[in-house]
Amino acid sequence: MSQQENDAVRVRFAPSPTGHLHVGGARTALYNWLFARGRAGRFVLRIEDTDLSRSTDEAVRQIISSMRWLGLDWNEGPETGGEFGPYRQMERTELYRGAAGRLLAEGKAYHCYCTPAELEAERARARAEGRPVVYQGRCRELSVTEAQECRAEGREAVIRFRTPAAGKTVVRDRVKGDVEFDNAQLGDFIIVRSSGVPTYNFAVAVDDAAMRISHVIRGDDHLPNTPRQLLLLEALGAAAPVYAHLPLILGSDRAPLSKRHGDVSVEEFRARGFVREALNNYLALLGWSYDAETTLFSMDELVRNFSLERVGVTAAVFDNEKLLWMNGHYIREMDAAGLTVRIEEFLEDTRLAGLPGEDGRPSVGDLVPLTQEKMKTLADFVELTDFFFLPVSFEEKALAKLKKDGAARQILSTAAETLRQLDSFGIEAVETALRAAADSMELKLGKFLQPLRIALSGKLVTPGMFETLAVLGREESISRIDAALGMLAQ
RNA sequence: GCCCCCAUCGUCUAGUGGCCCAGGACACCGCCCUUUCAAGGCGGCGGCGGGGAUUCGAAUUCCCCUGGGGGCACCA
């Protein structure tokens, strides 16, 4: 292998497929992706499905779908393949079996016949006596006959790693610095279950070595596992990757972000009308910063500027408000055609599905210019424009305001009359005529337009009135005004 | 109980001994613009958890305390 290849950056994102892609996972994936992209490296997606009872194919699909949506594509992984595959751990069991066999043969691992119940009792005792909760090594030096007796009793065997009884293992972490762990605190941990399935730490060590992973960028919660993986890597004769542990993401109560804080999966944010640009940018800044000033970054800029050196050490609270602001920013920044496509994609699952553009109704593209600057999420498009497609349904507050407005009937009939007499129903013509009508009634424009807004939309908040009228068209506009007038007459 | 990590405005953060009586962004509060709501512009409020120590000088270094979090599984 050439020096060039030796130095190649190879990072991986290794989710366990037990649910949707959580924003914390998404951030980890993003940092790995950015790191690889910025250094001409390779980004590997590896599915860690050794927990048979919790892993599902559906979750694998969800995670893949979310990552694709975010634009975090991988060079090697499921559905893509690669020279170090397969990329689902349960398809790599031969590899683990071989590695475990080698450790066993070299005396670096041993069979343990203790039952789960015995181990639980041992842990309880240790806790009660205030001792570190670690395996005491009962089976560490079992003789051949003792082992035979255990098997004769019908006891099942797991394989444990023979952890050095003394000494320290130091993790040289790129974000946390050097962290020391006492080997004695680590204990002889299990590497292969009685079922023959490897445990997390073992599979990770074997795979990180086999896949030539150069940098492990992952969540903080894995820091205490790292010394075990380091020891395993050493026993396997493999070089250790560089580690970088990211602080976790918190909810507003400073507890780790979880479902009870509301939306936490990429899928949920997508369904609420967030765009990938905003989510990526926001997540990038949650735990990383470029300088004292800059908040807005394109993916390209992130790739160019991301570095482990500028990843922070403090856990960060997820702030929905800021994400929302950022989302609005990216929506405003899009060109009309691009935004139209995003909205059309988004609309597929909403109550407006199929409506825009049908039967002479306005299309999404017609409405984008009237709504773009008001939207914070794609979902806002629905709230802002549904009255163009659906029968007017009055919001309670809007209706009350309309009824309370003593001038409303006069305004509405004047407006209807004015609109009826127009030659053209373009925005300018409508505006000129209505401004003149407001003048003639000696009303401020806002005062004049508000009853009209409510009559046309049933809402207090809508796109600009002149644009709305023009899109609605003369016939529909006048009929809605007449309907409101009829209602007020009762 | 044991091991480990962390601590600057409400939130995300800049800050690596003097450039900081701490800068930016979101949120909040005013004002301006305005057909509603947003957006935008201008201005404001607001912070170095506590205690020691080192130093001419500490947000920045060290120690202790307090507070948060992670781990100690045949989960990952």
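The chains referred to below are lettered A, B, ... by the order of the sequence lines, with proteins before strands, and numbering in each begins at 1.
When ring centroids are compared, A:F306 and A:W288 come within the 6.0 Å threshold. In summary, the aromatic rings of A:H329 and A:Y282 are positioned with their centroids too far apart to meet the 6.0 Å limit. In summary, the aromatic rings of A:Y87 and A:F13 are positioned with their centroids too far apart to meet the 6.0 Å limit.
Residue pairs that meet the salt bridge (Lys or Arg N to Asp or Glu O under 4.0 Å) test with at least one member in residues 254-265 of chain A, sequence neighbours left out, are A:D253-A:R260, A:D263-A:R272. Sorted by first then second residue, the salt bridge (Lys or Arg N to Asp or Glu O under 4.0 Å) pairs that include residues 275-299 of chain A, not counting sequence neighbours, are A:E277-A:R342.
Pair assignment for B:C45 gives none, since no Watson-Crick or G-U wobble pairing has each distance under 3.5 Å. As the counterpart of B:C72, B:G1 is assigned, both hydrogen-bonding distances of the Watson-Crick or G-U wobble pattern falling under 3.5 Å. With a 3.5 Å ceiling on both atom-pair distances, B:U55 lacks any Watson-Crick or G-U wobble partner. Pairing of B:A7, defined by two Watson-Crick or G-U wobble distances under 3.5 Å, is identified with B:U66. Across the strands present, B:A22 finds no partner; the criterion is a Watson-Crick or G-U wobble pair with both atom distances under 3.5 angstrom. Across the strands present, B:G40 finds its partner in B:C32; the criterion is a Watson-Crick or G-U wobble pair with both atom distances under 3.5 angstrom.
Straight-line distance between the P atoms of B:A25 and B:G67: roughly 36 Å, to the nearest whole Å. When the P atom is compared between B:G24 and B:C9, the two are found 16 Å apart, to the nearest whole Å. Separation of the C1' atoms belonging to B:A53 and B:A14 is 28 Å when rounded to the nearest angstrom. Between B:A22 and B:G15, the distance separating the two C1' atoms is 8 Å to the nearest Å. Rounded to the nearest Å, the gap between the C1' atom of B:C20 and that of B:G1 is 44 Å. For the P atoms, the distance linking B:G68 with B:G49 amounts to 16 Å, nearest Å.
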Let me have a per-nucleotide readout for nucleotides 25-35 of chain B, 5' to 3', with B, S or -, counting only protein heavy atoms under 4.0 Å. BBS-------B
Could you write nucleotides 65-76 of chain B as a row of B, S and -, 5' to 3', where a protein heavy atom under 4.0 Å of any base atom gives B, of only sugar-phosphate atoms gives S, and otherwise -? ----SSSBSBBB
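Using a 4.0 Å heavy-atom cutoff across all strands shown, A:E129 reaches no nucleic acid atom at all. No contact: A:G219 has no heavy atom under 4.0 Å from any strand. A:R218 comes within 4.0 angstrom of nothing in the nucleic acid, heavy atoms only. Base contact: A:L460 has a heavy atom under 4.0 Å from a base atom.
A:S53 is linked by a side chain to side chain donor-acceptor pair (under 3.5 Å) to A:D51, counting only residues two or more places apart in sequence or in another chain. For A:R193, there are no salt bridge (charged side-chain N to carboxylate O under 4.0 Å, His left out) partners two or more places apart in sequence or in a different chain. Taking A:D380 as the reference, nothing meets the salt bridge (charged side-chain N to carboxylate O under 4.0 Å, His left out) condition, with sequence neighbours excluded. Residues satisfying the side chain to side chain donor-acceptor pair (under 3.5 Å) test with A:E58, not counting sequence neighbours, are A:R61, A:Q62. Every residue was checked against the salt bridge (charged side-chain N to carboxylate O under 4.0 Å, His left out) condition with A:R304, not counting sequence neighbours, and none meets it. A:R332 pairs by the salt bridge (charged side-chain N to carboxylate O under 4.0 Å, His left out) definition with nothing, not counting sequence neighbours.
When each of A:E180 and A:H329 is assigned the nucleotide of RNA chain B with its nearest heavy atom, A:E180 is the one assigned upstream, toward the 5' end.
A heavy atom closer than 4.0 Å to some atom of RNA chain B occurs in A:K176, A:V179, these being the qualifying members of residues 166-179 of chain A.
To the nearest angstrom, C1' of B:C37 lies 11 Å from CD of A:E395. Between A:D291 atom CG and B:A14 atom C1' the separation is 8 Å, expressed in whole Å. Distance, A:N327 CG to B:A39 P: 13 Å, rounded to whole Å.
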Indicate every side-chain donor-acceptor pair of residues 430-449 of chain A with a distance under 3.5 Å to a residue at least two apart or in another chain.
| unit_1 | atom_1 | unit_2 | atom_2 | d |
| --- | --- | --- | --- | --- |
| A:E431 | OE2 | A:R435 | NE | 2.9 |
| A:E431 | OE2 | A:R435 | NH2 | 3.0 |
| A:T432 | OG1 | A:E428 | O | 2.8 |
| A:S440 | OG | A:A437 | O | 2.6 |
| A:K447 | NZ | A:D405 | OD1 | 3.4 |

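A perpendicular orientation is assigned to the rings of A:Y290 and A:F297, their planes being inclined by more than 60° (bins at 30° and 60°).
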